[in-house]
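Below is one structure, written out as structure tokens, with a few remarks after it.
Residue numbers count from 1 along this sequence.
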Amino acid sequence: MSAAVTATVSAVCATVAVVITILMIRGCRRWRWKVYKKFMAKISDEVNRRNRELEACAAVNDVVIEIGPVEKFLHEILNEKPMRFSSEQLASCTGDYSTELGSGGFGVVYKGELPNGLPVAVKVLKVSMNKKVQEGFMAEIGTIGRTYHVHLVRLYGFCFDPNTKALVYEYLENGSLEKYLYRDGEGAGEGGRKERLEWRTLHSIAIGTAKGIRYLHEECQQRIVHYDIKPANILLTADFTPKVADFGLARLGERENPHMSSLTGGGRGTPGYAAPELWMALPTTEKCDVYSFGMVLFEILGRRRNYDAQLEDESREWFPKWVWDKYEQGNMESIVSAAAGVGEADREKAETMCKVALWCVQFQPSARPTMSSVVRMLEGEMAIVPPVNPFHYVSGGGSSSSWALSSGTGTGTFTSSSRDTGWDNKVSAASTPRKPTDEMVKGVKSTEPVTT
């Protein structure tokens with residue numbers, strides 16, 4: 001009996017030993033597999049790490065390669081804002097102010113060159129910073145300093161040192177439009193000769209100027225009213241691309257508020273170009289610039305000053321009124337003939353310019369078109385309703401009642417299928433303004449801007 005038990009116990013022990021051995025072998029295999037997986041994972045991680053390092057090195061190399069253009073780009077972006085120059089820097093770049101380009105009511109303009117070779121025009125303001133000069137200085141930087149457009153002169157920077165107050169603009173080779181329009185010797189180039197521009201060039205200058213003013217009125221983040229549009233403030237590049245300049249009278253306005261409430265009356269602008277409401281106790285809007293642009297169109301059309309007292313024919317002394325009289329008589333031939341250099345192929349454009357000018361100088365601001373409409377009319381993209389008499393205040397015999405704003409005269413409507421559906425003709429006067437003088441209307445005595 002004991003032998004059988006012993007044999008059984010031995011068999012069980014042997015079986016247990018075999019099972020344990022098998023389990024141990026399997027455990028060893030699993031352990032070896034885990035160790036192998038961990039080892040391979042480490043190898044994989046190491047390979048990935050090295051690959052990442054190689055990629056990072058490549059990226060660093062790319063950054064090193066591209067850092068030059070990026071820095072140049074950022075430098076150019078920063079330079080688009082007006083820079084502050086010192087008086088020493090301006091003296092250096094102008095050769096101690098050796099080349100004078102012109103002078104005006106607020107200072108003298110000199111030719112200069114920045115260290116990078118860029119030609120500039122440096123406008124040195126009067127040292128005595130009175131209220132007018134201060135306002136003009138701040139207006140230039142606050143308006144044109146924050147805008148950029150192909151038809152606006154660019155402000156590169158300024159100087160505001162104790163002894164030097166100056167503005168630095170881009171230099172425009174051909175100067176102002178003024179010197180190409182008038183028959184007198186004013187603005188003649190070197191040798192006393194003036195280049196005569198073709199009609200098509202003048203027409204292109206008119207459209208470009210209108211686009212620049214349109215940008216100020218309708219496309220800037222804040223509406224900008226220039227207040228002194230005239231040929232002297234329209235500068236020309238080497239290829240006669242026009243750029244609106246001199247923002248010393250300009251003001252910013254909120255788009256939600258159509259009126260520049262801070263500017264009412266007081267005679268702002270240049271006589272002969274300033275809108276009637278600028279000389280009266282009336283709110284002003286961007287339509288002041290539309291009126292001034294209309295007066296510029298008349299001078300382009302006639303290649304003459306709007307008021308010329310030297311003419312023997314008294315009826316032609318004030319050109320805009322003469323144009324209206326001929327237009328009212330249906331005598332467009334006389335107007336086109338007066339526009340020297342207009343060929344038969346450009347006759348229609350000259351007639352269009354005449355009608356646009358008559359609309360722009362309407363006595364009531366709301367009767368004038370917007371500048372976007374002006375551009376489309378000049379480009380032939382918008383039909384033009386026959387204009388009404390813009391000079392009813394002149395033809396009324398000079399009585400005070402003839403100068404009053406009346407809802408029955410000087411108004412008109414304009415319809416179009418485009419965005420701008422026309423300009424408002426629902427205007428009625430709340431009061432009778434004072435009568436403008438001849439100097440205000442025709443600019444007889446002065447072409448310098450007047451401010452208050």
Side-chain angles (χ1 to χ4, degrees), residues 80-82 109 118-121 123 139-156 167-181 197-253 270 273 286-301 349 352-353 356-357 360 368-382 419-420:
E80 287 189 358
K81 294 183 178 181
V109 181
L118 184 70
V120 293
K123 181 179 181 180
E140 291 271 4
I141 299 174
T143 55
I144 194 62
R146 61 177 67 185
T147 62
Y148 181 75
H149 190 269
V150 66
H151 293 300
L152 299 179
V153 71
R154 185 170 175 185
L155 178 68
Y156 288 133
L167 297 161
V168 182
Y169 304 96
E170 63 176 314
Y171 172 71
L172 300 179
E173 298 84 343
N174 280 321
S176 71
L177 172 63
E178 182 181 40
K179 71 179 184 180
Y180 296 97
L181 293 181
L197 298 182
E198 295 181 354
W199 163 255
R200 293 187 179 183
T201 301
L202 288 173
H203 185 260
S204 177
I205 289 172
I207 293 176
T209 303
K211 289 180 177 179
I213 303 172
R214 178 185 65 181
Y215 176 80
L216 295 175
H217 291 181
E218 305 173 23
E219 299 172 13
C220 282
Q221 184 176 0
Q222 283 186 288
R223 178 167 48 94
I224 298 176
V225 183
H226 188 281
Y227 285 112
D228 200 21
I229 300 296
K230 58 184 178 181
N233 289 340
I234 300 171
L235 305 184
L236 305 172
T237 65
D239 62 353
F240 292 99
T241 297
K243 291 176 179 280
V244 179
D246 200 340
F247 286 73
L249 301 183
R251 289 294 182 271
L252 293 169
T270 300
Y273 302 97
E286 70 274 8
K287 294 298 183 72
C288 297
D289 290 347
V290 178
Y291 182 96
S292 300
F293 179 72
M295 286 299 179
V296 172
L297 287 184
F298 280 122
E299 295 197 333
I300 291 175
L301 189 66
K349 291 181 179 179
T352 295
M353 183 178 291
V356 173
C360 287
R368 303 168 201 157
T370 60
M371 287 309 299
S372 58
S373 293
V374 169
V375 170
R376 291 199 293 275
M377 286 188 288
L378 288 175
E379 292 183 329
E381 297 178 356
M382 178 184 284
R419 288 184 307 172
D420 187 355

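Counting heavy atoms from C-beta on, the side chains of T209 and I213 come closer than 4.5 Å. Using a 4.5 Å heavy-atom threshold, the side chains of I229 and N233 count as separate. Using a 4.5 Å cut-off on side-chain heavy atoms (C-beta onward), D239 and N174 make no contact. Taking the side chain as every heavy atom from C-beta outward, R368 and Y291 approach each other to under 4.5 Å. Between D228 and D289 the shortest side-chain heavy-atom distance does not fall below 4.5 Å. For the pair L236/L172, no side-chain contact is recorded, criterion being any heavy-atom separation below 4.5 Å from C-beta on. The closest side-chain heavy-atom distance from F293 to V374 is below 4.5 Å.
The distance from the NZ atom of K211 to the CD atom of E218 is 13.5 Å, given to the nearest 0.5 Å. Rounded to the nearest 0.5 angstrom, L202 CG and L301 CG are separated by 10.0 Å. Summarising the geometry, atom CG belonging to L235 is positioned 12.0 Å from atom OG1 belonging to T241; distances are rounded to the nearest 0.5 Å. Atoms NE2 and CG, on H203 and L297 in that order, are 9.0 Å from each other to the nearest 0.5 Å. Note that CZ of F298 is 11.0 Å distant from CE of M353, once rounded to the nearest 0.5 Å. With values rounded to the nearest 0.5 angstrom, L378 atom CG is found 8.0 Å from M371 atom CE.
Side chain of H151 to backbone of P242: a donor-acceptor contact under 3.5 angstrom is found. Checked by atom type and distance alone, the side chain of S176 never pairs as donor or acceptor with a backbone atom of I234 at under 3.5 Å. A donor-acceptor contact shorter than 3.5 Å is absent between the side chain of H226 and the backbone of V244. Looking at E173, its side chain does come within 3.5 Å of a backbone N or O of A238 through a donor-acceptor pair.
Of all heavy-atom pairs spanning G212 and L152, the tightest one is O-CD2, 3.7 Å. The two residues Y215 and Y148 make their nearest non-hydrogen contact at OH-O, 3.6 Å. Nearest heavy atom pair, residue V290 against residue C360, reads O-CB, 3.4 Å.
For E379, the CD atom sits in a packed shell: over 12 heavy atoms of surrounding residues, nucleotides or ligands are nearer than 6.0 Å.
Two rings, from Y180 and F240, have their centers less than 6.0 Å apart.
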task: Please test F247 against Y227 for ring pair (Phe, Tyr, Trp, His ring centres under 6.0 Å), starting from the C-alpha separation and ending with a verdict.
output: CA-CA 8 Å; F247 286 73; Y227 285 112; over 10 Å; no
query: Should D246 and K230 be marked as a salt bridge (charged side-chain N to carboxylate O under 4.0 Å, His left out) after you check the CA-CA gap, both sets of side-chain angles, and the distance that decides it?
result: CA-CA 10 Å; D246 200 340; K230 58 184 178 181; over 6 Å; no
task: Would you check, one step at a time, whether the test salt bridge (charged side-chain N to carboxylate O under 4.0 Å, His left out) holds for K243 with E170?
output: CA-CA 10 Å; K243 291 176 179 280; E170 63 176 314; 3.6 Å; yes
task: Please test L197 against L181 for side-chain contact (heavy atoms from CB on, under 4.5 Å), starting from the C-alpha separation and ending with a verdict.
output: CA-CA 9 Å; L197 298 182; L181 293 181; over 6 Å; no
Trace of the side-chain contact (heavy atoms from CB on, under 4.5 Å) decision for L216 with V225: CA-CA 7 Å; L216 295 175; V225 183; over 6 Å; no
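T201 and S204 share no side-chain donor-acceptor pair at under 3.5 Å.
When each of R214, H217, K287 is tested with T370 by the rule side-chain contact (heavy atoms from CB on, under 4.5 Å), just one qualifies, namely K287.
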